[in-house]
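To find a chain, count down the sequence lines: A is the first, B the second, and so on, and within it residues start at 1.
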Amino acid sequence: MDIKEYISSGIIESYVLGSASPQERQEVECMGHIYPEIQLEVRKQQLMIEEMATKLAVAPPPELKAKVMDTIAQVEQKLPEATQPKTESKADKVIPIQRAEENAKPTFNWAAAASIILLLGLGAYWYASSNQITGLKNQLAELTNKANQTETENEQLAAALSESDSAYQNAEAVNQMLASHSTQTVEMPGTANQPDALVRVFWNTDSKKVLLKVESLADVPAGKQYQLWAIVDGQPTDMGVFDLTAAADSVLEIPHQVENAQAFAITLENEGGSPTPNLDALVVIGNV
Amino acid sequence: MNVNDNRQNEQALLLRLKNGEHDAFGDLYDAYAAALFGVVSKIVRSEDEGQDVLQDAFVKIWKNIHYFDENKGTFFTWMLNIARNSAIDRYRRLKKEGKVEIQEVDSNVDIARGHQTTIKTSTIGLADLVDKLPEEQRLMVEYIYFNGYTQQEVADELNMPLGTVKTRVRTAVQSLRKVFTLLLFWI
């Protein structure tokens, strides 16, 4: 990342003068958080605006102070959010899954009618892991039809069982991590390249595991892939490419771990990814 | 008072403010009201409206003190942003309600033409910007900082390419730096 280039691009001047868009503001604040040189430049320019304001100072009428102090006396300070709300929102993420489980039962009774008792028991587990269920449900519907036949088909059924069982285990692990107190949610809003994009990273500071959920991200052009990066000590660390559909349908486990992430970002790279990020193709970025 | 003293004072004041201490707010008012009032009055082109906006701004500052994030900048910058945003919102509302005559974007011109004789802006203050900054750069500051225009809106208004606006904005802020560094040197 060429810091000098970023500084001479004019985006910081735009930021301190107040003409930066919300995405640009977010970007500058993020960059300042990661790179001390950028933070310093922002500060220096802000100081210039402060000086300008000081030079333009006009004393207000003396009576105004009393008016202001009186009004203040009747106004409560807004207290900062406690960590409680964060926990609640993670609990909220769990609830829809449980609700889906209740809705699932009528559908599963339909499938159960044609198959073995095992499917009834599985139904509850499957719906607990949201979208993974659809694929598994189809698999099992197919399998139940064959269940009346030979032993090899029974073996196939047993295999599907253990697959959905481990799928349930994975989903459980994901839910547990989402609800954990040591999991941080990192919101990554879109840059100027994709202003409407929004992706979330869930990073557990104990296990160092990373989960990804795409809320809104443009489709990938042919031959390209999205790649996740963690910013550690001011340097981008490769967190691998990921499948857009998988990460959009449900919370995706990233098969990389990271220790001291300061921020996360996604760039659009050629298929297979790149050892270093192409910062012109930065689509989302967010601070820890 | 050197920079470190200022910083320590600011930290101490902040702590008292976050603690809800009203007399700390009195100190804050004494220290910053004039600077904020200057900016605000210039934006709304009226000291009467300016007083109203200043009061609103101070209420917002008191209310949201716990949301001040020192990673994004100093406390003064934070207050300036609140004051500036309040002023721009107020000015736009006044325009919509037809309560202001059509004003020049450049409020210095208004003052020169006597549209707003109530603004007792210190002549030194105005002269700094008017004399020391090249006209085309000063206009950027007027349009963007004091009138809330986006760079695209400036480009459209002045019929120039967006790239030119961007370059002038950058140069304007860099020039401010030279202006104030020189002034500090003089002191």
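Tyr67(B) places a side-chain N or O within 3.5 Å of a backbone atom of Leu79(A) that can act as its donor or acceptor partner.
With a 4.5 Å cut-off on non-hydrogen atoms, Lys166(B) does not touch chain A at all. Using a 4.5 Å cut-off between heavy atoms, Ser8(A) touches chain B through backbone and side chain atoms alike. Proximity to chain A is limited to the backbone of Leu17(B), based on heavy atoms less than 4.5 angstrom apart.
Distance check: Ser21(A) OG to Gln152(B) CD gives 12.5 Å after rounding to the nearest 0.5 Å. From Glu153(B), atom CD reaches atom OG of Ser19(A) across 10.5 Å, with rounding to the nearest 0.5 Å. Leu17(A) CG to Tyr143(B) OH: the interatomic distance, rounded to the nearest 0.5 Å, is 14.0 Å. To the nearest 0.5 angstrom, Lys72(B) atom NZ is 9.0 Å from Arg25(A) atom CZ.
Among Gln55(B), Gln174(B), Lys18(B), the residue with the largest count of heavy-atom pairs under 4.5 Å with chain A is Gln55(B). The candidate with the highest count of non-hydrogen atom pairs below 4.5 Å against chain B, out of Ala20(A), Ala73(A), Gly32(A), is Ala73(A). Chosen from Asp56(B), Thr167(B), Ile144(B), the residue pairing most often with chain A at heavy-atom distances under 4.5 Å is Ile144(B).
Each of Ile72(A), Thr71(A), Val68(A) was compared with Trp62(B) under the side chain to side chain contact (heavy atoms under 4.5 Å, CB included) criterion, and only Ile72(A) meets it.
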Dump the intermediate steps for side chain to side chain contact (heavy atoms under 4.5 Å, CB included) on Glu29(A) and Asn71(B), then the final yes or no.
CA-CA 8 Å; Glu29(A) 284 160 12; Asn71(B) 288 313; over 6 Å; no
Before giving the answer on side chain to side chain contact (heavy atoms under 4.5 Å, CB included), spell out for Gln77(A) and Lys63(B) the whole-Å C-alpha distance, their side-chain angles and the decisive distance to 0.1 Å.
CA-CA 4 Å; Gln77(A) 289 182 343; Lys63(B) 218 175 163 186; over 6 Å; no
Please assess Gln46(A) against Phe76(B) for the test side chain to side chain contact (heavy atoms under 4.5 Å, CB included), listing each intermediate value before the final yes or no.
CA-CA 9 Å; Gln46(A) 283 174 335; Phe76(B) 187 15; over 6 Å; no
Stepwise, does the side chain to side chain contact (heavy atoms under 4.5 Å, CB included) test hold for Leu56(A) with Phe146(B)?
CA-CA 12 Å; Leu56(A) 294 173; Phe146(B) 294 103; 3.5 Å; yes
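At a heavy-atom separation below 4.5 angstrom, chain B is approached by no residue within residues 211-224 of chain A. Near-neighbour residues of residues 21-29 of chain B relative to chain A, defined by a heavy atom under 4.5 Å from a heavy atom of that chain, comprise His22(B), Phe25(B), Gly26(B), Tyr29(B).
When all heavy atoms of Val59(B) and Val75(A) are compared, the closest pair comes out as CG1-CG2, 4.0 Å. When all heavy atoms are compared, the tightest approach of Ser14(A) to Gln151(B) is OG-NE2, 3.2 Å. Gln45(A) and Val173(B) make their closest contact through OE1-CG1, 3.7 Å (heavy atoms, listed as atom of the first residue, atom of the second, distance).
Sequence neighbours left out, not one pair with a member in residues 278-288 of chain A passes salt bridge (charged side-chain N to carboxylate O under 4.0 Å, His left out).
Within a 6.0 Å sphere centred on CD of Glu5(A), heavy atoms belonging to other residues, nucleotides or ligands number 12 at most.
One side chain, Thr77(B) or Glu50(A), offers a donor N or O that lies under 3.5 Å from an acceptor on the other.
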Would you give me the side-chain donor-acceptor pairs under 3.5 Å for residues 60-67 of chain A, sequence neighbours excluded?
from	atom 1	to	atom 2	distance (Å)
Lys65(A)	NZ	Asp30(B)	OD1	2.9
Lys65(A)	NZ	Asp30(B)	OD2	3.1

